[in-house]
There are 2 protein chains.
Amino acid sequence: MSTMKAERVTRMSAEDRRELVLQAGTRAFAHGGYHGTSTDAVAREAGVSQPYVVRIFGTKLDLFLEVFERAVGRIKAAFEDVLEERSFDPDSEDDKARMGLAYTELLRDHDFLQVMMHGFSNGDVPEIAGAARRCMGDVFATIQRTGWDDEKVRDFVAYGMLLNVMISMRAPEHLEPGDPLTTLATCAFGDGLEVLQSPA
Amino acid sequence: MSTMKAERVTRMSAEDRRELVLQAGTRAFAHGGYHGTSTDAVAREAGVSQPYVVRIFGTKLDLFLEVFERAVGRIKAAFEDVLEERSFDPDSEDDKARMGLAYTELLRDHDFLQVMMHGFSNGDVPEIAGAARRCMGDVFATIQRTGWDDEKVRDFVAYGMLLNVMISMRAPEHLEPGDPLTTLATCAFGDGLEVLQSPA
DNA sequence: ACCTTAAGTAATCGACTGATAACATGTCAA
DNA sequence: TTGACATGTTATCAGTCGATTACTTAAGGT
């Protein structure tokens with residue numbers, strides 16, 4: 001029995017479709033990384049055919065680079081929001097907490113963080129490594145706008161990297177009492193652990 | 001003209017060959033990660049045929065897991081050496097520096113660090129994610145033996161993750177004056193930058 | 001010298017991947 | 001209404017991958 005519906009297939013503007021595929025790509029690449037995700041996986045996630053995603057972006061590499069830079073842009077924007085919503089005091093513990101919270105909020109939908117992580121750890125693809133360096137520099141420069149000295153900024157970024165790694169290895173979903181990893185997780189995520197489990 | 005040498009082909013014990021392939025696997029996986037490295041690439045690096053590496057380890061996954069756990073074991077061992085070579089004072093800045101130096105020494109041959117990083121960022125393969133959690137817990141527990149409080153241990157580990165990421169994106173080879181990434185690199189690696197460029 | 005065991009390879013397979021080409025159809029201005 | 005263009009798909013390809021099978025030959029005890 002084949003489908004009876006002579007379904008009216010409506011089309012999308014190239015711009016909208018591109019955006020949709022970029023979002024699908026973010027989800028897909030977040031899981032498998034660059035090498036571990038096929039263009040077909042992205043296509044299925046987006047609900048289009050595989051050749052079409054290749055045609056939109058040219059190559060898989062170009063698609064990944066765009067997904068990656070958007071993800072990092074999104075993360076940078078979260079910090080910029082904190083810096084711009086009111087004056088930032090470099091010596092205020094409270095303002096530092098606001099900065100940390102901005103990152104914690106990103107944990108809720110961690111696709112961006114994982115895409116960023118995958119970009120950072122793909123040094124064998126020169127174009128990705130280059131983009132990673134540029135983006136990491138951007139993020140560092142953004143955090144520098146807090147007025148903190150370089151060491152404090154460095155520590156903040158380092159802390160973020162730890163959270164990324166913990167997310168990557170699915171630590172929050174595997175907390176067992178007595179496990180040293182659980183100690184690390186609770187002391188790394190802090191209140192963020194609850195955020196991770198809250199609805200939306 | 002075919003080769004005249006009826007070359008005497010000598011064989012190796014399975015144990016030795018296994019060790020050799022593990023070392024080759026470490027180099028290969030350090031570059032491409034799990035998904036980005038073929039068993040054939042490992043075989044070529046080891047100078048044996050591709051089916052043979054598969055036969056030694058069963059599957060590519062088993063090979064990677066073994067390479068990964070060895071790498072993390074090596075890193076753990078570096079910390080244990082510091083803890084055991086003489087009594088460790090939790091409050092000594094000097095002893096903390098010794099701990100940091102142990103990691104910096106590992107930068108010299110960073111294959112182990114990169115393999116560790118690749119394991120940490122491959123959360124989509126359940127077996128790898130599981131091994132990553134266990135190994136991260138092990139490392140954390142090892143650092144805890146310093147007597148530091150959990151926050152200090154956490155910060156130490158976080159700092160290590162930053163170094164891993166910087167190595168991964170080839171930051172030390174791409175330092176350009178004026179680039180914010182250069183600021184981050186100099187302030188993250190410190191004296192380690194010289195170590196990275198020293199001969200052996 | 002022989003023969004069993006173990007080290008190692010060549011040949012090959014089915015599945016998958018990224019990309020290309022050819023084709024189909026919705027959309028919209030004239 | 002029509003025709004040109006933009007949005008999409010189906011079919012297909014050459015290359016790569018992990019794995020299996022069958023074969024080869026060095027090593028070593030008797």
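Chain letters run A, B, ... following the sequence lines, proteins first and then strands; every chain starts at 1.
A close approach under 4.0 Å does not occur between any side-chain nitrogen or oxygen of A:Arg17 and OP1 or OP2 of D:dT7. Remark: B:Thr39 is not in phosphate contact with D:dT16, judged by side-chain N or O atoms under 4.0 Å from OP1 or OP2. Applying the 4.0 Å criterion to OP1 and OP2 of D:dA6, one finds that A:Arg11 has every side-chain N and O outside that range. Side-chain nitrogen and oxygen atoms of B:Tyr52 include none within less than 4.0 Å of the OP1 or OP2 phosphate oxygen of C:dT9. The side chain of A:Ser13 places no N or O atom within less than 4.0 Å of a non-bridging phosphate oxygen (OP1 or OP2) of C:dT27.
In this structure, A:Glu15 places its CD atom 15 Å from P of D:dA6, rounding to the nearest Å. Summarising the geometry, the separation between NZ on A:Lys60 and P on C:dT17 is reported as 8 Å, rounded to the nearest angstrom. To the nearest angstrom, P of C:dC16 lies 15 Å from NE2 of B:His35. Rounded to a whole Å, the CD atom of B:Gln50 is 9 Å from the P atom of D:dC17. When rounded to the nearest whole Å, the span between CD1 of B:Ile56 and P of C:dT9 equals 9 Å. The nearest whole Å value for the distance from the OH atom in B:Tyr34 to the C1' atom in D:dC17 is 11 Å. Taking atom CG on B:Asp16 and atom P on D:dA26, their separation rounds to 19 Å, with Å as the unit. In this entry the distance linking CZ of A:Arg18 with P of D:dG8 reads 13 Å, nearest Å.
Across all strands, B:Arg55 comes closer than 4.0 Å to base atoms (heavy-atom distances). Across all strands, B:Ser38 comes closer than 4.0 Å only to sugar-phosphate atoms, never to a base (heavy-atom distances).
Using a 4.5 Å heavy-atom cutoff, the side chains of A:Met116 and A:Arg74 are not in contact. When side chains are defined from C-beta on, A:Thr59 does not count as touching A:Thr39, because their heavy atoms never get closer than 4.5 Å.
Residues passing the salt bridge (charged side-chain N to carboxylate O under 4.0 Å, His left out) test with A:Arg17, sequence neighbours excluded: none.
A side-chain donor-acceptor contact under 3.5 Å links B:Asp124 and B:His35.
Comparing A:Val48 and B:Thr59, the nucleotide of DNA chain D nearest to each residue sits closer to the 5' end for A:Val48.
For the atom pair CD (A:Glu194) and OG1 (A:Thr104), the distance works out to 11.0 Å, reported to the nearest 0.5 Å.
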